[in-house]
There are 2 protein chains.
Amino acid sequence: MTSTETDQETLAPHPPRSFEALRSHVIERHAALPKRLAQVAKFALDHPDEMALNTVAELAAAAGVQPSAMVRFAQTLGYSGFSELQGVFRSRLRDRWPDYQERLTKVQDETGGSADSSSVLARFVETSMRSLVHLPETISGEAFEAAVTLLARARTIYVLGQRRVFPVAAYLSYMLGKLEMRHMLLDNAGSMIDIQAGGMGPGDVLLAVTFTPYTPVTVDIANQATARGAKLVAITDSVFSPIAGLAHARLEVVESDFGAFRCLSATITLAMGLAIASAERRRALPPSA
Amino acid sequence: MTSTETDQETLAPHPPRSFEALRSHVIERHAALPKRLAQVAKFALDHPDEMALNTVAELAAAAGVQPSAMVRFAQTLGYSGFSELQGVFRSRLRDRWPDYQERLTKVQDETGGSADSSSVLARFVETSMRSLVHLPETISGEAFEAAVTLLARARTIYVLGQRRVFPVAAYLSYMLGKLEMRHMLLDNAGSMIDIQAGGMGPGDVLLAVTFTPYTPVTVDIANQATARGAKLVAITDSVFSPIAGLAHARLEVVESDFGAFRCLSATITLAMGLAIASAERRRALPPSA
DNA sequence: CTATAAATGGAATTGGTGTTTCATATTCTG
DNA sequence: CAGAATATGAAACACCAATTCCATTTATAG
């Protein structure tokens, strides 16, 4: 018994002490690892911060494995146990600490000046965050509440967003599908949006997204929707938006511009919140025919 | 006896949640604190990293006090115990962009009270911001640079992202069009993605986005692209992504999850930065035939 | 100077953590 | 397809950390 243990331990005599060494070592051996251990390996490299700060139980739950699998993973790598492995992740956190400030000042310096590629990214992050910070301020609780109520009670939700905001509509469609809410994405494929929107009527809701310059087809369909007795939930950028007046619930998003381009982060986030809040609300409602 | 305890507890109903708030609160009360507690306070503010990572016993020894003094210090501040206090130091280490940590906790505070639908939104905002904060860390300057270079030199950029990340691909397509960069969106309309991707060859770049679970068709097309001599720029969520190995430039994004749903804010922001940086780079290049 | 309250040190306790074990499931191999 | 080897899940275990308790010391008020 003792001899076998000794044999096993000699398989990995040098567990990596630095995170970088650990990282490359794991990447190298990843393919040869058993399924569950590979799962742990992937999680560990994808979430190094969590690995440093959380407990085995929490990490195991997050990675979708048993606590014992975490320990086994550490031991396979040659560590005495999980704690020793975690030490590597913790020292990484200590070591990496100083360079955040460096980055921050670098960003600040280059904000005004010319565009080195990576600073472009940093400025976008900055812009996106500004939009997000202001999102809860611009969206009133009542408006959000009203929108959620309408969507939760809708028979079918028609999702509409063209050109610049089409990604938002596409994402809404994906989420509503996953949430098992009946909906239809009006993507205007084959210029058949009138056909796609043909079924709208009382009991339905049109969830329309539009920003300046307001795509005409979006405004048209919104008008048709209200004319046919469907409710309109509008995500737009101004009270003067051509569909603002028609809307039964209006959500105003102010996205910060970056040059000629407008970020979509806040809008996407709002869409996500809207979809999930509506699904939750619907679950709470009495099931209607 | 019981009454006195109750009185003491009501003294600090709101223990600070953010490190900055904690810091100023401690500085303010420092003079009024008993000797040993003041000693702990000084140590805590002087060694925030240690406070986040070490155990009570180790910290007490390092500070030259008893373990119980550490616990008392935390309780004096209004926390239930040392662990809760340590949580503040740990979150500081997690979100190591101090400026934004303030904003995050601000959102948290506003959320804390009500549990209505609008708090759902606030939680999404928080999740999105967390992703954004970490974006510049996970994207190395070299990787971004490499991706930009490839895209700037591409004859045609093929844009690919299915299902959950299709919105990202759609947005990339919109921006690349506005930036007058020749590209093709592989949206798989009519299940004709093989036809759409038929033209890929040397000189072209496939910009592929894929997250867990990796949509098979995305992996297929990525393989085809490299086989035909096109370059591959991958936006993915792990080094173990099935297309990570093939990629000539790999950008890893770690999006924070919110329940079963993954935010797209960071990915969208990265896409935006990538598109614009590439366009700028191309303008700086000598015009090739 | 005495009496009272607060603060402190050190040990006992409790809860939760990492670890180990073992039965079961799965994957190789002949 | 059978049998062996390996991998996995779930629970039991042992230990250590955080917390509490209480006796002792130190400060404060009368």
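Values below: all heavy atoms of this structure, side chains included; hydrogens, waters and symmetry mates excluded. Lettering of chains follows the sequences in order, A, B, ..., and the numbering in each one begins at 1.
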_I'd like to know whether CZ of B/Arg228 has more than 12 heavy-atom contacts from other residues, nucleotides or ligands below 6.0 angstrom._
yes
*Spell out protein contact along nucleotides 5-21 of chain D as letters: B when the base is contacted, S when just the sugar-phosphate is, - when no protein heavy atom is under 4.0 Å; keep the 5' to 3' order.*
--SBBB------SSBB-
_I need the minimum non-hydrogen distance between B/Ala60 and B/Met70, along with the two atoms involved._
CB-CG, 4.0 Å
*Does any donor atom in the side chain of B/Thr269 or A/Ser128 lie under 3.5 Å from an acceptor atom in the other side chain?*
yes
*Can you find a side-chain donor-acceptor pair between B/Gln196 and B/Asp187 that sits under 3.5 Å?*
yes
*Work out which heavy atom in B/Arg250 is nearest to a heavy atom in B/Ala143; give both atom names and the distance.*
O-CB, 3.5 Å
